[in-house]
Amino acid sequence: MKASDKIDDAAGRLLAWYDGHARTLPWRVPPGSGQAPDPYRVWLSEVMLQQTTVAAVKSYFEKFTQSWPTVEDLASADDADVLSAWAGLGYYARARNLIASAREVAARGGIFPDTEEGLRELPGIGAYTSAAIAAIAFGRRAVVVDANVERVIARLFSITEPLPGSKDAIRAAADTITPDERAGDFAQAMMDLGATICTSRDPRCLLCPLSDMCTARQTGIAADLPRKTPKKARPVRSGTAFWIENDGHVLLVKREGKGMLAGMRALPDDGWSARASGNGEPPLAAEWSRVDGVVGHGFTHFLLELSVHRCEVSDRVAEGEWWPVDRIEEAGLPTLFAKAAKLVLAT
DNA sequence: TAAACGTGGGG
DNA sequence: TCCCCAAGTTT
């Protein structure tokens, strides 16, 4: 039986609201259109949307689907082209996992797994994304819980324990209102409600189709939920990037490993990291000059103040790609290094 | 379990 | 300006 009689028709209420208020999004099939969603586009959009706003994703989704219309197209692309196309979107492990997943799916004939369990085995697909794809692309009932749903459910049921400790309780509550039919529409309706009505700050309860069943609204604490455990302060690190030029070309390197910006093109640097500032030592002996100004950049877990030093060399002795300076915007630099390049070229 | 992992926009 | 936050996953 449901948690409460009052909440019984939350799904019906929400679906009716969605039929009239669904956002139009490039990766979305309109409710009631009868079109079958393309699992490739659902998957691609869901990965891009992980911790990333709809506004930021739109242009990337268009670019990717135009360059690679099918999962086989993406699977056969060069890694560097995919990473370069992802540049600026952040969380670059997503792009590396995207390539790996595309190749796995292509190897299976281009057919995506159609269950949560099957999807969950692809790299870069976790609890949320597997549920979302199973529901949206394949119509399977799945409890889809993202940050929007956490917020809606915490308020609807007045779950006051702070996140992330309340995740299990929130998921259990979400389960009680998840319908067997129209699972994909329901998931997207919850996310649209969270994104447009049940917003983090200043929820617009007067427009909410569930307002009369929302216990947090009844007690006036909706805007205070969900509570969250306080975050740690971010340390500030400093570092240096090096702009090494030769005959109108600048030296770019490929970042190794699996950590920060791994796999991405970058300027050489002095080894700065989240743990420690850089040592300031340039990668080669030359007549260096410091570029005026500093690049401030906020990562999730630390802040970086990046200085830029530049030099002109007569021989291309260093390891890396010599990239035409006047085409630096096509290099697919992560935002940090794009900012550094901009600083150099502004002087 | 907690930390690592990007970025841009809004209040 | 600064802090919070966004369709989370991996280790």
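Keep in mind that this is a model prediction, so the values were computed, not measured. In what follows, every chain begins at residue 1, and chains take the letters A, B, ... in the order their sequences are listed.
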Asks: Counting the atoms with a prime plus P, OP1 and OP2 as sugar-phosphate, which does Thr129(A) contact under 4.0 Å by heavy atoms, base, sugar-phosphate, or nothing?
Replies: sugar-phosphate
Asks: Between Arg201(A) and Lys258(A), which is nearer to the 5' end of DNA chain C once each is assigned its nearest nucleotide?
Replies: Arg201(A)
Asks: Distance check needed: dC5(B) P versus Met264(A) CE, whole Å only.
Replies: 15 Å
Asks: Would Lys58(A) count as a cation-pi partner of Phe61(A), with NZ or CZ less than 6.0 Å from the six-membered ring centre and within 45° of the ring normal?
Replies: no
Asks: Between Glu245(A) and Arg310(A) (salt bridge meaning N to carboxylate O under 4.0 Å), is one present in this structure?
Replies: yes
Asks: Answer yes when Arg13(A) and Asp212(A) have at least one side-chain N-carboxylate O distance shorter than 4.0 Å, and no when they do not.
Replies: yes
Asks: Taking atom C1' of dA7(C) as reference, at what distance in whole Å does atom NZ of Lys58(A) sit?
Replies: 14 Å
Asks: Could you write out each protein N or O paired with an N or O of nucleotides 6-8 of chain B at a distance under 3.5 Å?
Replies:
{"from": "dG6(B)", "atom 1": "OP1", "to": "Tyr92(A)", "atom 2": "N", "distance (Å)": "2.7"}
{"from": "dG6(B)", "atom 1": "OP2", "to": "Leu261(A)", "atom 2": "N", "distance (Å)": "2.7"}
{"from": "dG6(B)", "atom 1": "O4'", "to": "Tyr91(A)", "atom 2": "N", "distance (Å)": "3.0"}
{"from": "dG6(B)", "atom 1": "N7", "to": "Tyr91(A)", "atom 2": "OH", "distance (Å)": "3.4"}
{"from": "dG6(B)", "atom 1": "N7", "to": "Thr300(A)", "atom 2": "OG1", "distance (Å)": "2.3"}
{"from": "dG6(B)", "atom 1": "O6", "to": "Tyr91(A)", "atom 2": "OH", "distance (Å)": "3.0"}
{"from": "dG6(B)", "atom 1": "N1", "to": "Gln51(A)", "atom 2": "O", "distance (Å)": "3.0"}
{"from": "dG6(B)", "atom 1": "N2", "to": "Gln51(A)", "atom 2": "O", "distance (Å)": "3.1"}
{"from": "dG6(B)", "atom 1": "N2", "to": "Thr52(A)", "atom 2": "OG1", "distance (Å)": "3.0"}
{"from": "dT7(B)", "atom 1": "OP1", "to": "Tyr92(A)", "atom 2": "OH", "distance (Å)": "2.7"}
{"from": "dT7(B)", "atom 1": "OP1", "to": "Thr335(A)", "atom 2": "N", "distance (Å)": "2.7"}
{"from": "dT7(B)", "atom 1": "OP2", "to": "His297(A)", "atom 2": "NE2", "distance (Å)": "2.6"}
{"from": "dT7(B)", "atom 1": "O3'", "to": "Thr335(A)", "atom 2": "OG1", "distance (Å)": "3.3"}
{"from": "dG8(B)", "atom 1": "OP1", "to": "Thr335(A)", "atom 2": "OG1", "distance (Å)": "3.4"}

Asks: Using a cut-off of strictly less than 4.0 Å, decide whether His301(A) has a side-chain nitrogen or oxygen near OP1 or OP2 of dC5(B).
Replies: yes
Asks: Between atom CG in Asn97(A) and atom P in dG8(C), what is the gap in whole Å?
Replies: 16 Å
Asks: dA7(C) and dC5(B): how far apart are their P atoms, nearest whole angstrom?
Replies: 23 Å
Asks: Across the strands shown, which category fits Lys167(A) at heavy-atom distances under 4.0 angstrom: base, sugar-phosphate, nothing?
Replies: nothing
Asks: Pull out every residue in residues 15-35 of chain A that has a heavy atom closer than 4.0 Å to any atom of DNA chain C, ordered by number, or say none.
Replies: Arg23(A), Leu25(A), Trp27(A), Arg28(A)
Asks: Mind listing the residues from residues 134-151 of chain A sitting with a heavy atom below 4.0 Å of DNA chain C? Number order is fine.
Replies: Asp146(A), Ala147(A), Asn148(A), Arg151(A)
Asks: Would you say the ring centroid of His297(A) lies under 6.0 angstrom from that of Phe299(A)?
Replies: yes
